[in-house]
There are 2 protein chains.
Amino acid sequence: MQNYQNKVSKSEPKVTIDLSAVLVSLSDGIPKVLLIENEKGENVINHRLPFGPFNPNINRTMEESVRKWVLEQTGLRLAFVEQLYTFGDRFRGIINNDDPVIPVSVGYLALISRVTPENLLGSIWLDWYKLFPWEDWRNGQPKILDLIIKPNLMAWIQKTKGHNSRLERRYRVEVAFGFSDFGWDAERVLERYELLYETGLVAESLIDGKIPFPEEDSIYDSTGLPLYQDHRRILATALGRLRSKIRYRPVIFELMPKVFTLFELQKVVEALSGENLHKQNFRRLIETEGLVEQTEMVSEKTGGRPAKLYRFRREVIREKPSPGVRFSRKGSKILN
Amino acid sequence: MQNYQNKVSKSEPKVTIDLSAVLVSLSDGIPKVLLIENEKGENVINHRLPFGPFNPNINRTMEESVRKWVLEQTGLRLAFVEQLYTFGDRFRGIINNDDPVIPVSVGYLALISRVTPENLLGSIWLDWYKLFPWEDWRNGQPKILDLIIKPNLMAWIQKTKGHNSRLERRYRVEVAFGFSDFGWDAERVLERYELLYETGLVAESLIDGKIPFPEEDSIYDSTGLPLYQDHRRILATALGRLRSKIRYRPVIFELMPKVFTLFELQKVVEALSGENLHKQNFRRLIETEGLVEQTEMVSEKTGGRPAKLYRFRREVIREKPSPGVRFSRKGSKILN
DNA sequence: AATGTTATGCTAATAATGAGCATATCTTAA
DNA sequence: TTAAGATATGCTCATTATTAGCATAACATT
């Protein structure tokens, strides 16, 4: 049974597996991500995700290893952890030939119920939308879309010759950025980031040498903070996955305190999805889904009438095939 | 910027990345998976997925590499390919200590529009449900569930001491196998396989040394064909993913010919989901989702009234955020 | 007591879903 | 030639969800 293993392993190149973790939390309605400040250097890029190599001699599973790296680099013990994706074409073919080690990276998503002190190794909790300004529609369509992204994407479409090639680009852009019939689809975070990367609208494109020369320096000031290596791509994957997952698994409660008001819950969902929801319908949704149960307590923190406090109803997991916050996806409006 | 890379790479163990492919197709309403017959040996296990190591010096991306391995081992050129999951704890800690190479495997899913000749290297197309007999509910609840699986799982629950530990096992079993309120959830393929593995109900458990001694040999004859290494686990992941993906992306058409009748389409969906669907509602669903358009042709192959032939409406991708076959999940019945 | 603020209850219109009856159009056997 | 069998297809009705609001409740502050 070992035959295949041995046979195919002969001429192996050295491969390294990096494990990277996206830690998500919230404070004051701001969705946050844990970043670590790079050591000083001549780099433009100052931030990275917690990460480290997978060493199976030390940690039996990759998840164990992720937990270890995160603990070492941030002091945090993770609860909810989920594998995201494995990135095998890091730096898009711009591999440093001096370095015989070719890194593959496996991204993980972890949810943290509240932000922790920022300390070890210069870790900070950064507003997710500082990295993806075009993803936050809670105050209407982000200006950057019409000002910078849309015109540049349109130019990119025109730049190619050939009817089919142009059509293909147009379709990709339309679907990813919602210039099509159905409008903005919050979950397509990765598709959007990939397009911006490809069209040279994020700083990483330059650094990876994809784009020959900065056309307008100012663009990169407004298209979000660039990260080390492909970490922003991993983050985009994480945001997309989280946005879709809250709809069919009760993961949102990993981000909530033990008890909470329905409006607090709504604000968290809105912060993640980047969209505003209809308040009355949201509470009906949550209640009829059986996701929560009342406590006898009320919150004093609200301005007006005190809000009842709820807690997560764990039993819902055995009652429905895919319990989650199934709010509608009919585009973004400013409500209430 | 290279600092981190170098620093962490120092004491790397040798890691191998295997890429495995799950090729799915259909013939005569039977969902099939491509397997390769192992070379002769004293093994019990005779089949494996197409796989091979990722060598970044040869193929820039992992997907490229998967395509190459599949082409070499089966002669097939893949169209639709999607990454599934990365398995880092292969053989569950039973690592052969003579072999310093610890394999991590990245699974891929590919859809093939029709089964191909079975030839190169002894590749065969096998009925998916030969590997997962408990997953096919098209003719009612599979007998194996009540006969073998349920009693063994119940015994496994009782085997542990402590109220909490027992409750936890009970919950896992209930949710995975639908002994809970909502019944069978077709998408939880992996959860079910993992449970069977853990409880020693599939042959791989024995081979990996998880279970000390076969209690009843006959069990393993009925719990499906075991595969090389963790390939059956990869297959379970693939089936679960596919079952969920057809609901929100039009991937089902990757498995269809250019034109087809609505009933043919239904049969394919049923074959994958393992459930029977309501015929009239299915066609209403497909039509109102805008997934198909009529051709002027009709099929002669039907026994009675000739059926109109349809084709996939590609434009649907730009019209809806997540077009797919959103049939209901209200459990399985025998319909029509 | 009036005003502002947030929570919460409720409704009418519309859309989606679940289950099934009825009819249409073919082939094949009597 | 007709009856029987087999599908395909059209349509309905009851039920449940969803959307968009209006309206009221319960607090704090002025």
Side-chain angles (χ1 to χ4, degrees), chain A residues 29 182-183 247-248 259-267 269-270 275-310 319-336, chain B residues 29 182-183 247-248 259-267 269-270 275-310 319-336:
Chain A
F182 60 84
R247 305 174 63 80
Y248 63 91
V259 297
F260 46 83
T261 71
L262 290 183
F263 196 55
E264 283 164 1
L265 184 66
Q266 178 180 346
K267 283 302 169 195
V269 172
E270 289 181 344
E275 296 181 293
N276 287 309
L277 304 176
H278 183 285
K279 193 168 173 177
Q280 296 94 317
N281 289 347
F282 179 82
R283 46 172 37 243
R284 180 182 56 191
L285 184 76
I286 297 300
E287 283 173 331
T288 63
E289 277 274 309
L291 286 168
V292 297
E293 61 192 2
Q294 279 191 30
T295 66
E296 317 79 50
M297 299 170 278
V298 291
S299 170
E300 308 296 333
K301 286 175 282 184
T302 64
R305 174 173 169 175
K308 290 177 191 147
L309 285 167
Y310 292 78
E319 294 168 358
K320 310 202 164 215
S322 55
V325 186
R326 326 179 83 87
F327 59 90
S328 104
R329 294 174 54 171
K330 293 279 173 60
S332 285
K333 290 189 207 164
I334 312 295
L335 298 169
N336 264 279
Chain B
F182 61 83
R247 306 173 62 82
Y248 63 90
V259 297
F260 47 82
T261 71
L262 290 183
F263 196 54
E264 283 164 1
L265 184 65
Q266 179 180 346
K267 283 301 168 195
V269 172
E270 290 180 344
E275 297 181 293
N276 287 308
L277 304 175
H278 183 285
K279 194 167 172 174
Q280 297 94 317
N281 289 348
F282 179 83
R283 44 173 38 243
R284 179 179 59 186
L285 186 74
I286 298 299
E287 283 173 331
T288 62
E289 277 273 311
L291 287 169
V292 297
E293 61 192 2
Q294 278 192 30
T295 67
E296 318 78 50
M297 299 171 277
V298 291
S299 169
E300 308 298 332
K301 287 174 282 185
T302 65
R305 173 172 171 176
K308 291 178 190 145
L309 286 168
Y310 292 78
E319 294 168 357
K320 311 200 164 217
S322 54
V325 185
R326 326 180 83 85
F327 60 91
S328 104
R329 295 172 55 170
K330 292 278 173 62
S332 284
K333 289 189 207 165
I334 311 294
L335 299 169
N336 266 279

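Both backbone and side-chain heavy atoms feed into the values below; hydrogens, waters and symmetry mates do not. In what follows, chains carry the letters A, B, and so on, assigned in the order in which the sequence lines appear, proteins first and then strands, with residues in each chain numbered from 1.
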Selected nucleotide, minimal atom distance to B:Arg283 side chain, candidates C:dA7, C:dT17, D:dG10: D:dG10
Below 4.0 Å: OP1/OP2 of C:dA7 and any side-chain N or O of A:Lys308: no
Steps toward side chain to side chain contact (heavy atoms under 4.5 Å, CB included) verdict (A:Phe282, A:Leu265): CA-CA 10 Å; A:Phe282 179 82; A:Leu265 184 66; 4.1 Å; yes
C:dA7 OP1/OP2 closer than 4.0 Å to side-chain N/O of A:Lys279: yes
Shortest side-chain distance from A:Arg305, nucleotide among C:dC26, D:dA26, C:dG20: D:dA26
Residue-level proximity of residues 289-297 of chain A to DNA chain C when a heavy atom falls under 4.0 Å: none
Side chain B:Arg247, main chain B:Phe327, donor-acceptor under 3.5 Å: yes
Any B:Ser328 side-chain nitrogen or oxygen under 4.0 Å from OP1 or OP2 of C:dT17: no
A:Glu319: partners by side chain to side chain contact (heavy atoms under 4.5 Å, CB included), with sequence neighbours left out: A:Arg313, A:Glu315, A:Val316, B:Asp181
Side-chain donor/acceptor of B:Arg284 to base of C:dG18, under 3.5 Å: yes
Geometric cation-pi criterion B:Arg326 and B:Tyr248, 6.0 Å radius, 45° cone: no
Whichever of B:Asn281 and B:Phe263 has its nearest DNA chain D nucleotide further upstream toward 5': B:Phe263
Which residues share a side chain to side chain contact (heavy atoms under 4.5 Å, CB included) with B:Leu309, sequence neighbours left out: B:Val259, B:Thr261, B:Thr295, B:Met297, B:Ser299
Test item: A:Glu289 side-chain N/O and A:Pro323 main-chain N/O as donor-acceptor pair under 3.5 Å: no
Euclidean distance, atom CD of residue A:Gln266 to atom P of C:dT8 [Å, nearest integer]: 12 Å
Closest-nucleotide 5' rank along DNA chain D - winner of B:Glu287 and A:Thr288: B:Glu287
Given D:dT9, C:dA19, D:dA23, the nucleotide with the shortest approach to the side chain of A:Gln280: D:dA23
